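Letters A, B, ... are given to chains in the order of the sequence lines, protein chains preceding strands, and every chain is numbered from 1. Owing to the predicted nature of the structure, the values given are computational and were not obtained by experimental measurement.
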Amino acid sequence: MLSQDEILKRMEEWPKHYSPKDIEPKWQKLWLTQEYWEKIFKFDENSEKPVFFIDTPPPFTSGELHMGHAYWVTIADAMARFKKLQGYNVLFPQGWDTQGLPTELKVQYKLGIPKENRELFLKKCVEWTEDMIGKMKSAMIRLGYRPNWEQFEYRTYHPNYRRVIQRSLIEMHQKGMIRMKQGPVYWCPKCETAVAQSEVGYLEKQGILVYIGFPLKEGGEIVIATTRPELLGATQAVAVNPQDERYKNLVGKKAILPLFEKEVQIIADPDVEKDFGTGAVMISTYGDPQDIRWQLKYNLPVTELVDERGKIKGTGFLDGLKVEEAKKRIVELLKEKGYVRKIETIKHNVLSHTERSDCLSPIEFLVKEQVYIDVVPYKGRLLEEYKKMNFKPQRMAGKLEEWINNIEWDWNISRQRLYGTPLPFWYCDNLHLVPADISSLPVDPTKSNPPVDKCPHCGLPLKPLTHVADVWVDSSVTVLYLSGFYENKLRFNKTFPADVRLQGTDIIRTWLFYTFFRTLMLAGNVPFKRVVIHGQVLGPDGTRMSKSKGNNVSPMDRIEEFGADAIRMTLLDASIGDDFPFKWDTVKGKKLLLQKLWNASRLAYPFIHGRKLDRPTTLHPIDQWILARHKEFVEKTIQAYENQDFFVILSMLYEYFWETIADEYLELIKHRLFNDDKSAIYTLGRILKDIIILLHPIAPHITEEIYSLIFGEKQSVLLESLPSTDDIKVAEDVVRMGDSVKKFNSLVRTNKVKMRMSMNSQIKVEVQGPKQFLEDLMRVEDDLKKTLKITEITYREAEQPDVKISPA
RNA sequence: GGGCCCGUCGUCUAGCCUGGUUAGGACGCUGGCCUUACAAGCCAGAGGUCUUGGGUUCAAAUCCCAACGGGCCCA
């Protein structure tokens, strides 16, 4: 037994203040060592342990790790660490989505490398990418993120990954799902490339609604309203609603396009909104998706009026003008000739290039030869199969379903770019596709010869496809790549489908949908069993972070001050699926909680460190009480981890650890600790160790530090296993006693505050209350006296509990 | 135009599915207190017509309807 002085001296060995910036990098370095890798973080293909495979998002390599990244990094890391503690063999990958327009633009404009020099351009793209990865990776590591870098870090430009992408395309082609065809495509004139349906969205913009009088062939006129007067030259018909009395007698008649002097028919279609404009619209090729539907429905001719750079062609008088300029010019001309009836300024939704790009330019529809993957024919099957995945939160399943329901066009996968996965095909003038040999992958058709001399279908000469794949073609095979679908059947059988997919709401219709679709088509099953979809991290003002609003917060801004652990706790203190504002004040609060844990450990250290914590045959009633509470905490925490309800764990830390253990229990057992009471020492050691283990996935650094200082039997908390509480018997009378003690403590303290006494002052107490209440207190009278500096307690039965105190 | 989500102390939120203590916590605020871990602390306290209006019920923050406000997605 140590003397009081010795105990206090040993306590001084423990740094008084919790300093995350000293602790965290140390552990991050250790986790990355070969030794920790081998013992803890490695995914062992030969292990008999159950496998847990989490599919994490491969972020685009922008170079900046923003709060949204920090959020999923934290969730994924916490999930993986928990599963390790639970005894799983964890496959925890991290990929990089390396290809795409933003990188090309940086290389083109920031580095000034011309696209014409293809080799150099691609080399610089890769260099830029690696640079960006380096920055993001070090920030991830600084947050305590520890995936299987050694085995499962991947880059979508890498030959190994590219081989899987290309093979998946060739196999889809073999299944008859890929074809080249001509048709309208979403086109971004600014980026000069085709984009997919999932990359566009509607943005509210200021525009004009022009009312134009079309003369009727038989005399008179019909006034149409349009936001796209510049497309007048590509107008193929005028449409009205069949129910519209105003136009009933005009249906079937001919109208004449002003300026172009072309006759078009007036048709009736139920999709025309009677209340918009004049109720008469012009159908042009193409102003919006509705025009495409009408063009197909009525088999209207197509006039190509806009070129790849968004300039008008084929009109003579508007040629070479950009769409916006042409709009102004044609309105002027129409005014001069007296065709304009009215012009309104309106706010309307304009289809724009919104996804994965800050481009936001309006989308045009161009007629192009492109490569498509059939999606529409599989809608029915997709609507059935998606139900095999369970969603957290459940409502997110509805978002996927809604998206599948809304799919109208097949997936255009060709992009007119350089830095991307080459589509592994050659083609002929009849648009037949000839795939590369699987043995030749990865392949760049522009640099290799086709596997056959001529088109096997029609004998025409073959040309290489110069297009690259949509980035979602790349990232929709993460599960197939990681599980080893093509290249490691042993691993595939063990790991497929993945246990969890983690991602944000914003990529449901892209990453989630395409992975689900492609994996189902190629491997015949859904890619994962469970999809966990988190919300967005908002700025401190509760709105979306954006540079223009200046409400951007980066996790790295104040990580030295508060530490990665406190940031992780803040991010996890939200219900998964909800958006939440990020405030440094909240982080400060989490740091205080960790400081509390630090101090409690400081108190426990001299009594527990280096001691054997055998369970004594009998336990003090107060220890029995805390163990009963402890059992509840352990069980609920494990349950919360299983459901990814991290905020539940955090609220229990406040309630159980801070309020119950730190504020009540520790005070009650101090006198016994100093007297080397075996029951108290055993209990404190046990609950503290369990708390450390259970908190580790959320706050890995501080828990490793405390564990190593106090317990340290193993090199890492992760070599421990989840606590079991099977041996703890919960006795009702003990739990009730705990409540009585808490009540008594509170009454005594309240009275001391009222009487302006210091907490330290000696008092006499007269307590009243129901018989049961008094008996509970008598059971631990000695502990109450020592804890609350009471010299004498007298008891009196009464209905309501109350105390009277007086100075001793 | 359609769908989904959300409105709870000054701020962020738990509770709502499965109706039933005094609506719980964190940050902030007020007062007191250096107590064998912790003043980056402790103790105590103030602060809420649960957006509004109807309805169901013995009983509504919770279930239903409507309105208002905010957000997201789709057309």
Q) Side chains of A:Thr227 and A:Leu209: does their closest heavy-atom pair fall under 4.5 Å? A)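 In contact.
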Q | B/S/- contact track for nucleotides 70-75 of chain B, protein heavy atom under 4.0 Å | A | --S-SB
Tell me whether the side-chain N/O atoms of [X] come closer than 4.0 Å to OP1 or OP2 in [N].
X	N	value
A:Lys596	B:rC42	yes
A:Lys670	B:rC38	no
A:Trp598	B:rG41	no
A:Lys16	B:rC38	yes
A:Asn599	B:rA37	no
A:Ser746	B:rA44	yes

Q. Quick one: does A:Lys742's side chain have a donor or acceptor within less than 3.5 Å of a partner on A:Glu664's backbone?
A.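 Looks like no, no N/O pair under 3.5 Å.
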Q. Do A:Lys752 side-chain atoms and A:Ser761 backbone N/O form a donor-acceptor pair below 3.5 Å?
A.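 Pair found, side chain donor or acceptor close to backbone of A:Ser761.
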Q.
I'd like to check the salt bridge (Lys or Arg N to Asp or Glu O under 4.0 Å) partners of A:Asp663; sequence neighbours left out, ordered by chain and number.
A.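 Salt bridge (Lys or Arg N to Asp or Glu O under 4.0 Å) list for A:Asp663, sorted by chain: empty.
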Q: Measure the distance from NZ on A:Lys743 to C1' on B:rC43 and round it to the nearest whole Å.
A: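 Whole-Å distance recorded here is 15 Å.
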**Q.** Distance between C1' atoms of B:rG31 and B:rG70 (Å, rounded)
**A.**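 Roughly 38 Å separates the two C1' atoms.
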**Q.** Pairwise P distance, B:rA60 and B:rC73 [rounded to whole Å]
**A.**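 To the nearest whole Å, 38 Å.
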**Q.** Nucleotide nearest A:Pro581 when distance is taken to its side chain, options B:rA37, B:rU11, B:rU13
**A.**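 Nearest to the side chain of A:Pro581 among the choices is B:rU13.
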Q.
Which nucleotide wins on minimum distance to the side chain of A:Tyr654, given the candidates B:rG31, B:rA14, B:rG25?
A.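 From the listed options, B:rG25 comes nearest.
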Q. Knowing that exactly one of A:Arg530, A:His534, A:Lys392 qualifies, which makes a side chain to side chain donor-acceptor pair (under 3.5 Å) with A:Gln644?
A.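 Only one of A:Arg530, A:His534, A:Lys392 forms a side chain to side chain donor-acceptor pair (under 3.5 Å) with A:Gln644, namely A:Arg530.
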Under 3.5 Å donor-acceptor pairs involving side-chain atoms of residues 585-594 of chain A, not counting sequence neighbours:
| residue | atom | partner | partner atom | Å |
| --- | --- | --- | --- | --- |
| A:Thr586 | OG1 | A:Lys583 | O | 3.4 |
| A:Lys590 | NZ | A:Asp573 | OD2 | 2.9 |
| A:Lys591 | NZ | A:Glu561 | O | 3.1 |

Q: Between A:Arg749 and A:Leu603, name the one whose nearest nucleotide on RNA chain B is closer to the 5' end.
A: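 Nearest-nucleotide comparison on RNA chain B picks A:Leu603.
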(Q) Taking any heavy-atom pair under 4.0 Å as a contact, classify A:Glu667: base, sugar-phosphate, or nothing. (A)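 Answer is base: heavy atoms of A:Glu667 come under 4.0 Å of a base.
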